Amino acid sequence: MTRETAAPEPGRDFIRDIIDRDIAAGRNSEVVTRFPPEPNGYLHIGHAKAICLNFGVAQEYGGRCHLRFDDTNPVKEEQEYIDAIKRDVRWLGFDWGTHLHYASDYFERLYDWAEHLINAGRAYVDDLPAEEMRMMRGTLTEPGRNSPYRDRSIAENLDLFRRMREGEFPNGARVLRAKIDMAAGNINLRDPVLYRILHAEHPRTGAKWCIYPTYDFAHGQSDAIEGVSHSLCTLEFEDHRPLYDWLIENLPVPSRPRQYEFARLNLNFTVLSKRFLTQLVSQGRVSGWDDPRMPTLAALRRRGVPPAAIRDFVRSVGVARANSTVDIAMFEHAIREALNRIAQRRMAVLRPLRILIDNYPPGVSEELEAVNNPEDPACGRRRIPFGRELYIEQDDFIEDPPKGFYRLSPGREVRLRYGYFVTCRDAVKNAAGEITDLICTYDPATRGGNAPDGRKVRATLHWVSAAHAARAEIRLYDPLFNRPDPGAAGDFFADLNPNSLDVLTESRLEPALADAVVGEAVQFERQGYFCADLDSAPNHLVFNRTVGLRDSWAKARGGAG
RNA sequence: UGGGGCGUAGCCAAGUGGUAAGGCAGCGGAUUUUGAUUCCGCCAUACGGAGGUUCGAAUCCUCCCGCCCCAGCCA
């Protein structure tokens, strides 16, 4: 739906270079990737990068991408998250076809492979309590020490491991460890835990298991089972690659996947830590995972961000190996770019100031024609009621205007968009000296917005007819944090922006907006892109501001908007 | 003082020995019935630093500096 815009170039990066080489070298007959979320929270914009990369690459190379839940830790995972993740990936525009998988689908095979390792003398059951195991692991600069249980016989290991599975032991009593090298510089190779005892209900396998494979033992093997050719993950797993490879090499797996790491996405003024986002939700600092201020896909959707904007943004950011923090302005740019093309224009007055057209006949109204979207003539036109009493934006009138301000002020003439030229004759004030109304006159000859005598005005204002306007609540959002690097001073919560949500309750909309479809983007002229919120009802309209329009006037006068 | 990575403009990011793409932001200007959009122009003698190799180095070598990740029975 993006008009004639040429298909966006896929974007080149080191991952695609690697795939090109692998194909040229005949290493892979097909490209198979996977997006492997753990269902312990909602997907956010950072995940979008991984999703677009994995699904995008598969599409470009005519391969496939699986959606695989990495559900190996039942104490943190929930069905609600599984459902939400599927919904969000689909919404982002990707299709896993028949390839919806779960690491838990492979628990039986993984178990067999664990015994295989035991039989090969490459894994053992360790009785060390977690605390002691930690102490014996050594430090970053000192090697670890072998567990006293490291040299148990294969038979004893097998017996113990089977009894672990049978549920004979309590949580934490024993683990299965790979026998690699306690002196390895890479700590992941110091006899990593492969299985732990967890008497917990699993969202999918229920009570069938009481031992669960760790990420390291499940991930690579799942890749191999599914025939994944390129297992793409973020940088922090780089140190795990030697273990990933060790397991693949020591197990009778059906294929040879390879892991490649890329830098995760970071955004300024934003936190993309599942742990922290979970706290925001559980502590009620936001209304939920889909609170429009959240960086989650569910929240972006509710806020009105189209999936195409997220895809374009992710593509513009690129894929590399250097840690980086992208300016949130780049994301906003992608949103505006997408919305400018598709959003129909409407007029809405956020903070109303009533004006009376003194020389306009009372009790009369007329309809004026407006363009729905100047970027897309196919969107047609609509009629807007005009009358003697109107609302304009409070910001569009200043009694004593500063230099550079060319909107309305006493004695000045401006255009009401698609309407008439009006001149302000007087500002009516209340006892407190606040302006309550403006008295204006209009020029009947300027109907539609042009003066036959060629007279020009400097400004065009949006407006709404008081007699026909719909009332609405409008929610304006600002970043959740008031510093670009939240948490840098030690406490994320201390950096929360207390003004991240501004609720306007007196806003007035042109009548057509009463029929706005929830979630559908619309541009409020001169203001920004908005959409009706989930909370909106016919008798109580609620709109979210997705993103504001660029505002060089606000910028020129120093920010405050 | 262990292991693994990464340093190209304010922010992302191409570049893989032949003389620094592109985007965002910013700054000028044109058009404009949205101070929007669109359009035009400007914005790294310079690639973390210092040496070296070479006719030629962001790209190769050496040393140095800085930043990130790893000591979960989380992923």
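Atom set for the values below is all heavy atoms of this structure, side chains included, hydrogens, waters and symmetry mates excluded. Just so it is clear, the structure is predicted and the values come from calculations on it, not from any experiment. Below, chain A is the first sequence line, B the second, and so on; all start at residue 1.
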- How does protein reach along nucleotides 24-31 of chain B, written 5' to 3' as B (base within reach of a heavy atom under 4.0 Å), S (only sugar-phosphate), or - (no contact)? SSS-----
- Message: Any base atoms under 4.0 Å from A:Pro129, or only sugar-phosphate, or nothing? Heavy atoms, all strands.
- Response: base
- Message: Applying a 4.0 Å non-hydrogen cut-off, can you work out what A:Gly528 is touching in the nucleic acid: base, sugar-phosphate, or nothing?
- Response: nothing
- Query: Is any side-chain N or O of A:His240 under 3.5 Å from a base N or O of B:A75, one able to act as donor and the other as acceptor?
  - Reply: yes
- Just call it for A:Arg241: base, sugar-phosphate, or nothing, with non-hydrogen atoms closer than 4.0 Å on any strand. nothing
- Query: Between B:A36 and A:Ser552, is there an OP1 or OP2 to side-chain N/O distance shorter than 4.0 Å?
  - Reply: yes
- A:Trp553 stacking on B:G35: centroids under 5.5 Å, ring planes under 30°? yes
- Task: For A:Glu226 and A:His66, test the side chains for any donor-to-acceptor distance below 3.5 angstrom and give the result as yes or no.
- Result: yes
- Task: Remember a base hit wins even if backbone is also touched, and classify A:Pro374 as base, sugar-phosphate or nothing at under 4.0 Å, heavy atoms.
- Result: base
- Message: Would the base of B:G35 count as contacting A:Arg407 through its side chain, where contact means a donor and an acceptor less than 3.5 Å apart?
- Response: yes
- Message: Within the 4.0 Å heavy-atom criterion, would you say A:Ala130 contacts the bases, only the backbone, or no part of the nucleic acid?
- Response: base
- Item | B:G72, syn or anti by chi within 90 degrees of zero | syn
- Task: Working to the nearest 0.5 Å, report the span between CZ of A:Phe69 and CD of A:Glu77.
- Result: 10.0 Å
- Are A:Arg341 and A:Asp376 within salt-bridge range, i.e. N to O under 4.0 Å? no
- Task: Report which part of the nucleic acid A:Val314 touches: base, sugar-phosphate, or nothing (heavy-atom distance under 4.0 Å, all strands).
- Result: nothing
- Compare side-chain N and O positions of A:Arg526 against OP1 and OP2 of B:A36 and report whether any pair is under 4.0 Å apart. no
- Item | Under-4.0 Å side-chain N/O to phosphate OP1/OP2 contact, A:Arg190 with B:A71 | no
- Query: Any side-chain N or O of A:Arg346 under 4.0 Å from OP1/OP2 of B:U34?
  - Reply: no
- Decide yes or no, distance alone: a donor-acceptor N/O pair under 3.5 angstrom between the base of B:G3 and the side-chain of A:Asp239. yes
- Find the partner of B:U32: check Watson-Crick (N1-N3 plus N6-O4 or O6-N4) and G-U wobble (N1-O2, O6-N3) distances, both under 3.5 Å, and reply none if neither fits. none
- Check: A:Asp191 and A:Tyr124 side chains under 4.5 Å, non-hydrogen atoms: yes
- Message: Measuring to OP1 and OP2 of B:A75, would you say a side-chain N or O of A:Thr72 lies under 4.0 angstrom away?
- Response: yes
- Task: Classify the nucleic acid contact of A:Tyr406 as base, sugar-phosphate or nothing, counting any heavy atom under 4.0 Å across all strands shown.
- Result: base
- Toward the 5' end of RNA chain B, which comes first, A:Arg321 or A:Gly185, by nearest nucleotide? A:Gly185
- Heavy atoms under 4.0 Å, any strand shown: does A:Phe237 hit a base, just sugar-phosphate, or nothing? base
- Message: Quiz question: going by heavy-atom distance under 3.5 Å, is there a donor-acceptor pair between the base of B:U38 and the side chain of A:Glu375?
- Response: no
- Task: Evaluate the ring planes of A:Tyr42 and A:Tyr81, with Trp represented by its six-membered ring, and classify them as parallel (under 30°), tilted (30 to 60°) or perpendicular (over 60°).
- Result: perpendicular
- Message: Could you check whether A:Glu60 pairs with A:Arg16 (Lys NZ or Arg NE/NH1/NH2 to Asp/Glu carboxylate O, under 4.0 Å)?
- Response: yes
- Query: How would you list, by chain and number, every residue that makes a ring-ring contact (aromatic ring centres under 6.0 Å, His included) with A:Trp463, sequence neighbours excluded?
  - Reply: A:Phe386
- Reckon A:Asn450 touches a base, only the sugar-phosphate, or nothing at all at heavy-atom distances under 4.0 Å? base
- Message: For the CZ atom on A:Arg264, are there more than 12 heavy atoms of other groups (residues, nucleotides or ligands in this structure) within a distance under 6.0 Å?
- Response: no
- Query: Base, sugar-phosphate, or nothing for A:Phe262, non-hydrogen atoms under 4.0 angstrom?
  - Reply: nothing
- Item | A:Arg196 side chain near B:C74 phosphate (N/O to OP1/OP2, under 4.0 Å) | yes
